[in-house]
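For reference, the structure discussed in these notes is given below.
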Amino acid sequence: MIISNLNLQAMGLQRSSSSTNKQKNIKVYSITNVAEKEDKDGDCLFTSITSNLYDQTSDSTYTSWRVEHPSALGSFDRMMKAAKGKRIVVFLDYDGTLSPIVDDPDRAFMSDEMRGAVREVAKYFPTAIVSGRGRDKVKEFVKLSNVYYAGSHGMDIMAPARPLVKSSDGKYQTKSLDKKGSEVIFQPAKMFLPTIKEILKELEEKTRKIPGAKVEDNRFCISVHYRKVREEDYGILEEKVMSVVEKYPEFHLTEGKKVMEIRPSIQWNKGHALEYLLETLGVSNSSEVLPLYIGDDRTDEDAFKVIRCRGEGFPIIVSSIAKGTEASYSLHDPSEVLSFLLRLARWRKASSSSRSFYNMLK
Ligand SMILES: O=P(O)(O)OC[C@H]1O[C@H](O[C@H]2O[C@H](CO)[C@@H](O)[C@H](O)[C@H]2O)[C@H](O)[C@@H](O)[C@@H]1O
């Protein structure tokens with residue numbers, strides 16, 4: 001656990017003592033502003049919403065959690081019944097969703113099978129990859145031209161200005177080109193770029209001597225990884241990172257899976273990116289449109305919340321443990337994501353109603 005009590009206090013937050021839930025073996029932490037938990041992998045997660053998060057201490061906990069967040073595979077027929085006559089727009093997180101979590105962030109490759117499944121899905125539904133990674137980096141991993149990309153937790157969007165391109169085989173392809181043929185880019189944190197570069201340099205210098213620490217340049221945000229750092233060095237790494245972040249009041253620190261993330265404090269997250277993409281598709285106000293978002297991490301919760309507020313759509317969390325989430329459905333791991341995507345594409349292909357989503361945009 002990298003966020004110590006001391007640092008929670010320094011951040012103006014406090015951890016209350018844990019109590020025992022009615023359910024046997026479930027520890028519930030109630031924290032004034034931040035709820036924190038450690039998953040079985042030792043990942044520390046914290047959230048800015050007050051919520052109860054469960055430590056999975058038995059299979060039965062996961063089983064009961066799955067009752068509240070049923071499997072999207074098991075619920076597939078019901079979901080598609082609800083989608084009848086409506087249009088699905090697909091949003092996919094990358095790490096932990098399309099690729100398994102691995103030690104080295106530079107080697108988080110996506111399988112060819114997964115790539116094929118995403119390609120298929122994107123043939124039938126507008127599809128966006130929404131990642132904490134830099135946009136170029138995630139594009140390099142995904143290697144698909146028929147999807148939209150939102151990098152840096154949505155702060156770097158390649159917007160679909162002209163999404164309607166019909167190819168010779170009758171399928172629709174997405175193109176993000178403006179009238180002059182240039183890519184359309186939306187970057188709400190652009191003014192922070194010089195400071196981000198400065199912070200990046202400082203973080204690299206300060207953490208250089210900590211074995212295993214890795215600073216990743218995600219363009220509009222920075223990741224400091226500690227997956228390969230010895231546990232006894234967690235505290236010192238955290239101190240060093242905090243000492244840099246504290247100097248930049250326009251930035252804040254968030255926590256992902258064994259990673260600290262330094263981000264500009266603007267009102268923009270993956271939820272805003274989802275809304276922005278729906279807006280550029282011209283369907284943000286349509287009750288006919290169902291956003292389907294699959295993600296595994298804390299930052300994906302912002303997108304889940306947006307879907308919940310819309311009242312329609314499918315927020316799906318990827319998790320092998322019970323955790324606090326705004327998602328309605330769940331998938332256990334990326335292999336289940338693969339099965340779900342293949343099924344979704346097959347369903348659409350076989351669907352007698354061959355009305356394309358794009359027909360509606362014409
Ligand atoms: O929004 P995402 O696409 O899920 O990106 C979130 C972070 O993912 C990456 O880090 C995570 O995955 C790594 C590879 O499996 C793993 O080594 C690391 O511990 C995880 O935190 C990425 O490297 C980060 O920059 C992203 O912010």
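One-based numbering, in listed order, for ligands and for the atoms of each. Just so we're clear, the structure is a prediction, and the values are computed from it rather than from any experiment.
The nearest protein atom to atom 8 (O) of ligand 1, hydrogens excluded, is given as Asp95 OD2, 3.0 Å; this is a heavy-atom distance. Atom 17 (O) of ligand 1 has as its closest protein heavy atom Val102 O, 2.5 Å. Shortest contact from atom 26 (C) of ligand 1 to any protein heavy atom: Glu261 OE2, 3.7 Å. Closest protein heavy atom to atom 25 (O) of ligand 1: Glu216 OE1, 2.6 Å. Counting only heavy atoms of the protein, atom 10 (O) of ligand 1 lies nearest to His225 CE1, 3.5 Å. Among protein heavy atoms, atom 2 (P) of ligand 1 sits closest to Asp93 OD1, 2.9 Å.
Counting heavy atoms under 4.0 Å from ligand 1, residue Asn218 touches it through the side chain alone.
The N/O atoms of Gly132, backbone and side chain alike, include one that comes under 3.5 Å of an N/O atom in ligand 1.
Within the structure, the closest approach of Ser99 to ligand 1 does not fall below 4.0 Å when heavy atoms are considered. Heavy-atom separations between Lys270 and ligand 1 include at least one value shorter than 4.0 Å.
By the neighbour-count criterion of 12 heavy atoms within 6.0 Å, atom CD of Glu250 is sparsely surrounded, having that number or fewer from other residues, nucleotides or ligands.
Considering each of His153, Arg263, Lys257, the one bringing a non-hydrogen atom nearest atom 20 (C) of ligand 1 is Lys257.
A donor-acceptor pair is defined here as one N or O able to donate and one able to accept, closer than 3.5 Å; such a pair exists between the side chain of Asn269 and the backbone of His272. A donor-acceptor pair under 3.5 Å is absent between the side-chain atoms of Ser152 and the main chain of Gly154, judged by distance alone.
Atoms NZ and OH, on Lys258 and Tyr234 in that order, are 4.0 Å from each other to the nearest 0.5 Å.
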